[in-house]
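Presented below is the structure to which this report refers.
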Number of protein chains: 2
Amino acid sequence: MTTMKDIAKVLGLNESTVSRALNNHPYVRPETREKVMEAARRMNYRPNTLARSLATSRSYVVGLVISNIANLFFAEVTKGIEEVADAHGYSVILCDTGRNPAKELKYLDLLARRQVDGIIFMSGRLPAHVVAAIKQQSCPVVTISRDGTRHGIPTVRINNRAEAAKATRYLINLGHRRIGFISGQLDDAESGLPRLEGYRAALEESGIEFDPAIVQEGDFRMESGMRACARIMQAAPRPTAIFAANDEMAIGAMKTLSQLGFKVPADVAVIGFDDTAFATVVTPPLTTIAQPLRMLGTSAMEMLLKLMAGQRLAEIETVLECQLVVRASCGGTGL
Amino acid sequence: MTTMKDIAKVLGLNESTVSRALNNHPYVRPETREKVMEAARRMNYRPNTLARSLATSRSYVVGLVISNIANLFFAEVTKGIEEVADAHGYSVILCDTGRNPAKELKYLDLLARRQVDGIIFMSGRLPAHVVAAIKQQSCPVVTISRDGTRHGIPTVRINNRAEAAKATRYLINLGHRRIGFISGQLDDAESGLPRLEGYRAALEESGIEFDPAIVQEGDFRMESGMRACARIMQAAPRPTAIFAANDEMAIGAMKTLSQLGFKVPADVAVIGFDDTAFATVVTPPLTTIAQPLRMLGTSAMEMLLKLMAGQRLAEIETVLECQLVVRASCGGTGL
DNA sequence: ACTTAGTCTGCAAGCGCTTGCAGAAAGCTG
DNA sequence: CAGCTTTCTGCAAGCGCTTGCAGACTAAGT
């Protein structure tokens, strides 16, 4: 590998001049700069980022701590992050925790050792010890869809409560009065619980009474949606619509409905939440609340860029709006 | 940040002794080692990986160059890679090219500057200039599902031809004689073309004549599967089964079939290829050739580990076996 | 002609760590 | 106890780059 020293030696210059030439320092004579550039090209010079980082204390690397890259939801967000990171000269180190809290801590430590300039955290809850680990990082950290804000950690998220209400209201406006709900884990204060609250709030708004018999807890996975739906359909009177707290459970519900001989949307309307790629693949295509997945990533990375540049954030939290995407699973197009 | 020098100063030792103590060098007195460890803990010492890498010329970072992380296929492979990388102390830098050839080259260069110890390349074709860029890397490179082998680049892949034949044979054994095929891009010599060849080979084996009217080219995306299927179903006699070169196109085909009023599998059996998460989500669940996605990743990473350790590979290429996963889209369970 | 400001380059130290070499101390052997 | 090996620690150089400082030289202002 050729180094700056090599170039300097060949040209009879000092290493520091070479450095300045290569880095567009103003005070370097145009012809020496050109000579240096030319030599660099000719000698196939590639700057050693490690050395540079060591000298400047800027690595231009960010860490991404994520639950599961094989999950469409996270993969999509990751795409957004990588995109703007790259556009600004940053590389991203991928840390997949598999929801293992021990790994979350381990990765946080690892990233610190690797001298990353910033971290995006999107894995698991934020128990005290994780918050502590985040706080003691010497680089900025932003969380996505986590309750970071209450701990003073910059966050980008959606308003789960409001968006769930939006979905419910859509069904109500379609004429449904008996609406089942399949929730996520209710001990999940970030997306599980608030979506249920939004559902309840929308019902209340319209004077529809809440019936626990047609709300069932799931775990955001398809199978749990199937089971929950089966329980819900035993209630009398049966619901004419089902709102699932994410697409996978909605799809599970559709499967169960079809097994039970119900047609979607003719007999039962189904609406989901997230708008991952699954929503378009299933038949009928799923009407759903579209989280701006990609934008969750880009916004978080942009936030991080500001922080890494030493700027203060105008708002510690960015709340993104979701879009109701009407496909076929609820029939009519609504209002 | 506390450094080794700090620890050394506090304990009245030399930096080098601290280094050796921390790195389990044999020649260091147990009590000094213990003192160092204790001080490191107390002072909250975190080794600076960058500095270490600079001194040792080992970064313990690998680069992953990939087409699109938001694609389930790649995401799943990535998961496998990250898993074994982490287990061996390596971090992975994610490089999403979006199939942009310019970005492929850019990332290859970037990774070299970042002094990665190895690269896994899984993006686009391998035209001469990319091969050249790979060859001139000073670290080992392995490709996944690319025709790297012919250029002497270590590769892990599946036997697309044989696996496609397996799928076709399955349909034949189910009694189908009129089998449509939706191919990938035929200029894709790695997975597009060979799957068609496998299809043809299996037909020939059974003395079924190849009918171009019922094989249509797609581009591996759902919409292309829909269009291709529509064309295929115009042929007379109509096929009783369709083999699509990947799951997404198979699902597209199922959509079209259902629009045309055909039942799957009663009227037309459908089989896919890949076994991404889509296959289980769709109704009926898709029978498909399951690529060992995760293992493609783990094998590639293991291969890379060997190379990075300076070992020679017994085989420059690893060919993984696929599994036929029988679900409902072809009806019967076969033989 | 003389200061002053501005442009260009080199020197040297430093980023935080590793490692070969050498010397000191301790443990063996005969 | 001389001589040898083994264990332990320090010294110093080095990984490849950046950057403050100072000196040299040029251009300009009075």
Side-chain angles (χ1 to χ4, degrees), chain A residues 1-37 39-40 43-61 89 109-117 138-139, chain B residues 1-37 39-40 43-61 89 109-117 138-139:
Chain A
M1 281 296 83
T2 101
T3 72
M4 283 190 175
K5 192 187 286 183
D6 297 333
I7 299 184
K9 197 167 298 170
V10 165
L11 298 181
L13 285 175
N14 186 283
E15 214 178 324
S16 59
T17 303
V18 174
S19 170
R20 282 188 276 253
L22 258 17
N23 291 303
N24 295 314
H25 183 103
Y27 287 173
V28 52
R29 195 148 33 101
E31 56 251 52
T32 53
R33 181 193 311 284
E34 199 35 67
K35 274 199 309 201
V36 170
M37 292 300 200
M43 301 172 70
N44 213 328
Y45 171 70
R46 272 176 175 161
N48 181 326
T49 313
L50 251 37
R52 179 174 226 274
S53 299
L54 184 59
T56 60
S57 315
R58 292 299 253 104
S59 64
Y60 285 92
V61 173
D109 183 57
L110 179 74
L111 291 172
R113 293 168 182 236
R114 287 213 183 275
Q115 313 295 121
V116 297
D117 292 338
S138 50
C139 68
Chain B
M1 281 296 82
T2 101
T3 71
M4 283 191 174
K5 192 188 285 184
D6 298 331
I7 299 184
K9 197 168 297 170
V10 166
L11 299 181
L13 286 174
N14 185 284
E15 216 178 325
S16 58
T17 304
V18 173
S19 170
R20 283 188 276 252
L22 258 16
N23 291 303
N24 296 312
H25 184 103
Y27 287 172
V28 53
R29 195 147 34 101
E31 55 250 51
T32 53
R33 180 192 311 282
E34 198 35 65
K35 273 199 308 199
V36 169
M37 292 299 200
M43 301 172 70
N44 213 329
Y45 171 71
R46 273 178 176 159
N48 181 327
T49 313
L50 252 38
R52 180 174 227 273
S53 299
L54 184 58
T56 60
S57 315
R58 290 301 251 104
S59 64
Y60 285 92
V61 173
D109 182 57
L110 179 75
L111 291 173
R113 292 167 183 238
R114 287 213 183 274
Q115 315 293 123
V116 297
D117 292 340
S138 50
C139 68

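Proteins get letters first, then strands, A, B, ... in listed order; numbering begins at 1 in each. Quick caveat, the model's predicted, so the values are computed rather than measured.
- Look at A/Tyr27 and you won't find any side-chain N or O under 4.0 angstrom from OP1 or OP2 of D/dC25.
- At least one side-chain nitrogen or oxygen of A/Thr32 sits closer than 4.0 Å to the OP1 or OP2 atom of C/dT9.
- In terms of position along DNA chain D, the nucleotide closest to B/His25 lies nearer the 5' end than the nucleotide closest to the other residue of the pair A/Thr17 and B/His25.
- Between the side chain of B/Arg33 and the main chain of B/His25, a donor-acceptor pair closer than 3.5 Å is present.
- Taking only side-chain nitrogens and oxygens, B/Asn14 comes nearer than 4.0 Å to OP1 or OP2 of D/dC11.
- A/Ser19 has a side-chain polar atom (N or O) that falls below the 4.0 Å cut-off from OP1 or OP2 of D/dT18.
- Rounded to whole Å, the distance from CZ on A/Arg113 to C1' on C/dG16 is 14 Å.
- Each of B/Val28 and B/Ala51 lies near DNA chain D, and the nucleotide nearest B/Val28 is the one positioned closer to the 5' end.
- A donor and an acceptor atom sit less than 3.5 Å apart, one in the side chain of B/Arg20 and one in the base of D/dG10.
- Checking C/dC17, C/dT19, D/dG16 against the side-chain heavy atoms of B/Pro47 singles out C/dC17 as nearest.
- No side-chain heavy atom of B/Asn48 sits less than 4.5 Å from a side-chain heavy atom of B/Thr3.
- Phosphate proximity of C/dT18 to B/Asn23: present, with a side-chain N or O under 4.0 Å from OP1 or OP2.
- When heavy atoms are screened at a 4.0 angstrom cut-off, B/Leu13 is found touching the sugar-phosphate backbone but no base atom.
- The CZ-C1' distance, from B/Arg29 to C/dG27, rounds to 14 Å in whole Å.
- Between A/Glu15 atom CD and D/dT18 atom P there is a gap of 9 Å when expressed in whole angstrom units.
- Side-chain atoms of A/Leu50 and B/Arg113, non-hydrogen and from C-beta on, never get closer than 4.5 Å to each other.
- Contact annotation: the side chain of A/Leu11 never approaches that of A/Val18 to less than 4.5 Å [non-hydrogen atoms, C-beta and beyond].
- Regarding A/Asn48, its CG atom lies at a distance of 6 Å from the P atom of D/dC17, rounded to whole Å.
- Within the nucleic acid shown, B/Ser16 comes within 4.0 Å of at least one base atom, counting heavy atoms only.
- Taking 4.0 angstrom as the limit, B/Arg52 places a side-chain polar atom (N or O) nearer than this to OP1 or OP2 of C/dT18.
- Counting only heavy atoms from C-beta outward, the side chains of B/Asp117 and B/Arg58 approach each other to under 4.5 Å.
- If you measure from atom CD of A/Gln115 to atom P of C/dG16, you get 8 Å, rounded to the nearest angstrom.
- Contact annotation for A/Ser53: no contact, since no heavy-atom pair falls under 4.0 Å across all strands.
- C/dA13 atom C1' lies 13 Å from atom CG of A/Leu54, rounded to whole Å.
- At least one side-chain heavy atom of B/Val10 sits under 4.5 Å from a side-chain heavy atom of B/Met43.
- Atom CE in B/Met1 sits about 10 Å away from atom P in C/dG16, given to the nearest Å.
- Counting to the nearest Å, the P atom of D/dC8 and the CG atom of B/Asn24 are 14 Å from each other.
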